[in-house]
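Here's the structure we're looking at; comments come further down.
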Amino acid sequence: MAAPLIQNRPGRAIALKTGAIFLFMVMSALIKAASEYVPPGQSVFFRSFFAMPIIIGWLWQQGHLHDGFKANNILGHIWRGLFGTTAMALSFAGLALLPLPEVTAIGYATPMFTVLFAAIFLGEQVRLFRLSAVALGLVGVMVVLAPRISMDQGYSDAATFGALLILISAVLRAMVQIHVRKLVQTDSTSAIVFYFSLTATVVSLLSLPLGWIFPTPALAWTFPGFGIIGLVVCAGLIGGVAQIMITSSYRFGTVSMLAPFDYSSMIFATLIGWMVFGEIPTVTILIGATLVIAGGVLIIWRERQLGLDRSKSKPSIAPAGSPN
């Protein structure tokens with residue numbers, strides 16, 4: 001008998017989720033290492049293009065290749081791709097200007113903006129508890145941003161610009177979440193993953209006139225035996241594997257159980273930033289990140305409680321047509 005598509009195996013789910021988060025941090029480190037030479041648009045291209053073969057191979061192995069090519073809401077995929085590609089490019093640009101832990105801490109603002117946008121664009125009801133959690137998280141973001149904005153501690157204009165880029169990227173990622181919530185009503189997860197990679201690859205080509213680099217002997221020796229282009233190629237391959245792992249984790253555990261493990265990225269970012277780039281997060285960043293994480297965990301907890309309440313008021317059987 002074939003194994004069920006969804007299994008309750010929390011240990012495997014947590015291992016896949018945290019492994020994916022670690023790989024995404026490695027991917028970010030590779031992008032950051034190459035950022036001195038590779039412009040953000042070109043990094044987006046390599047990140048998306050070289051992830052596609054891995055994603056297509058995985059869909060084929062899972063028997064979902066047909067679903068991945070089937071798009072019911074084409075316009076929705078386009079908007080999701082435009083917002084996501086822009087957010088990725090801004091994030092990569094910010095990585096070149098800021099320490100990895102700081103980029104990670106500011107990026108935690110995404111769930112806060114998602115809650116606000118869900119109320120504005122989707123009409124979701126947001127009560128005082130979640131609004132308070134959002135406010136706490138946004139206060140944490142402002143704590144992280146304050147030294148960059150105040151300019152009274154000797155920070156460079158470039159670093160301030162980088163912080164603003166990451167903040168805008170967090171806003172756009174929140175918009176991506178809103179579009180994904182709409183897309184899942186009409187399209188499969190396979191299609192959403194595939195068409196984002198495809199859209200990002202195509203859209204990133206528009207940055208070609210802005211000055212892409214091409215392999216030269218000098219660049220080949222920048223990272224001996226590897227090459228600067230090799231860094232972004234590996235970033236794409238690793239990003240594809242991480243995407244598969246994070247998608248697979250939800251076959252073995254619930255969203256509410258796995259959501260808090262997103263914040264393990266701060267641990268990985270701190271370790272990688274210190275070991276690879278010699279970056280040590282300041283006390284301000286750690287305090288701000290703690291506040292943002294606290295707000296995010298409160299939102300996750302509240303979403304779990306609401307989910308349990310909704311499940312009690314409905315029959316225990318799965319609705320017709322729900323994914324298995």
Side-chain angles (χ1 to χ4, degrees), residues 17-36 38 40 43 47 87-114 136-174 231-232 234-235 238-239 242 246 259-297 299-300:
K17 182 67 180 284
T18 53
I21 297 298
F22 172 73
L23 289 181
F24 276 128
M25 285 296 103
V26 172
M27 181 200 78
S28 297
L30 292 172
I31 295 293
K32 181 176 178 64
S35 62
E36 182 179 351
V38 183
S43 293
R47 160 66 180 90
M88 192 189 304
L90 293 178
S91 178
F92 289 173
L95 277 169
L97 303 172
L98 292 175
L100 187 58
E102 186 171 352
V103 170
T104 304
I106 298 173
Y108 287 155
T110 294
M112 314 301 160
F113 290 122
T114 301
L136 177 63
L138 292 179
V139 167
V141 173
M142 293 309 299
V143 169
V144 176
L145 288 174
R148 300 299 190 191
I149 296 175
S150 65
M151 297 293 292
D152 61 356
Q153 297 186 32
Y155 289 106
S156 68
D157 291 337
T160 302
F161 182 61
L164 294 177
L165 289 179
I166 299 300
L167 184 61
I168 296 172
S169 174
V171 173
L172 291 176
R173 288 182 191 278
L231 292 178
V232 285
C234 282
I238 290 173
I246 209 166
F261 290 93
D262 284 327
Y263 297 109
S264 64
S265 59
M266 192 64 190
I267 299 174
F268 297 135
T270 301
L271 290 175
I272 293 173
W274 171 57
M275 295 174 65
V276 179
F277 303 106
E279 300 168 345
I280 300 177
T282 64
V283 174
T284 300
I285 291 175
L286 293 177
I287 293 174
T290 301
L291 292 175
V292 179
I293 291 172
V297 170
I299 290 173
I300 292 166

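Just so we're clear, the structure is a prediction, and the values are computed from it rather than from any experiment.
- The structure places CD1 of I31 at 4.5 Å from OG of S43, a figure rounded to the nearest 0.5 Å.
- Listed by first and then second residue, the salt bridge (charged side-chain N to carboxylate O under 4.0 Å, His left out) pairs involving residues 17-33 are K17-D262, K32-E279 (not counting sequence neighbours).
- Each ring pair (Phe, Tyr, Trp, His ring centres under 6.0 Å) pair with one or both residues in residues 87-109, not counting sequence neighbours, appears once here: Y108-Y263.
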### Query
How far apart are the C-alpha atoms of S28 and V103, what are their side-chain angles, what is the distance that settles it, and do they pass the side-chain contact (heavy atoms from CB on, under 4.5 Å) test?
CA-CA 10 Å; S28 297; V103 170; over 6 Å; no

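- Residues V144 and E102 are in side-chain contact: their nearest non-hydrogen atoms beyond the backbone lie under 4.5 Å apart.
- With rounding to the nearest 0.5 angstrom, the CD1 atom of I166 is 5.5 Å from the CG atom of L95.
- Here CG of L172 is found 10.0 Å from CG of L167. Values are rounded to the nearest 0.5 Å.
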### Query
Could you go step by step and tell me if V141 and M112 meet the side-chain contact (heavy atoms from CB on, under 4.5 Å) rule?
CA-CA 10 Å; V141 173; M112 314 301 160; 5.6 Å; no

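- Pairing each heavy atom of G107 with each of P111, the nearest pair is O-CD, 4.5 Å.
- The backbone N or O of T110 lies less than 3.5 Å from a partner atom in the side chain of T114, making a donor-acceptor pair.
- Residue I168 holds its CD1 atom at 12.0 Å from OG of S91, rounded to the nearest 0.5 Å.
- Summarising the geometry, atom CD1 belonging to I21 is positioned 11.0 Å from atom CZ belonging to F261; distances are rounded to the nearest 0.5 Å.
- Closest approach of L136 and G295 over heavy atoms only: CD2-N, 3.9 Å.
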### Message
Go through it in stages, so that I can follow the logic: the residues are I106 and L145, the test is side-chain contact (heavy atoms from CB on, under 4.5 Å), and I'd like the CA-CA distance, side-chain angles, deciding distance and then a yes or no.
### Response
CA-CA 8 Å; I106 298 173; L145 288 174; 3.7 Å; yes

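- Here the CD1 atom belonging to I285 is positioned 11.5 Å from the CD1 atom belonging to I280, to the nearest 0.5 angstrom.
- At a threshold of 4.5 Å between non-hydrogen side-chain atoms, the residues T282 and L286 do not count as touching.
- Of all heavy-atom pairs spanning S265 and T104, the tightest one is OG-CG2, 3.6 Å.
- Remark: the backbone N or O of L165 is not paired with any side-chain donor or acceptor of S169 at under 3.5 angstrom.
- Contact detail for A242 and L23: the closest heavy-atom pair is CB-CB, 3.8 Å.
- Smallest separation of non-hydrogen atoms from A29 and I272: CB-CG2, 3.7 Å.
- F268 pairs by the ring pair (Phe, Tyr, Trp, His ring centres under 6.0 Å) definition with F22, not counting sequence neighbours.
- Among all heavy-atom pairs drawn from P101 and A269, the shortest one is CG-O, 3.7 Å.
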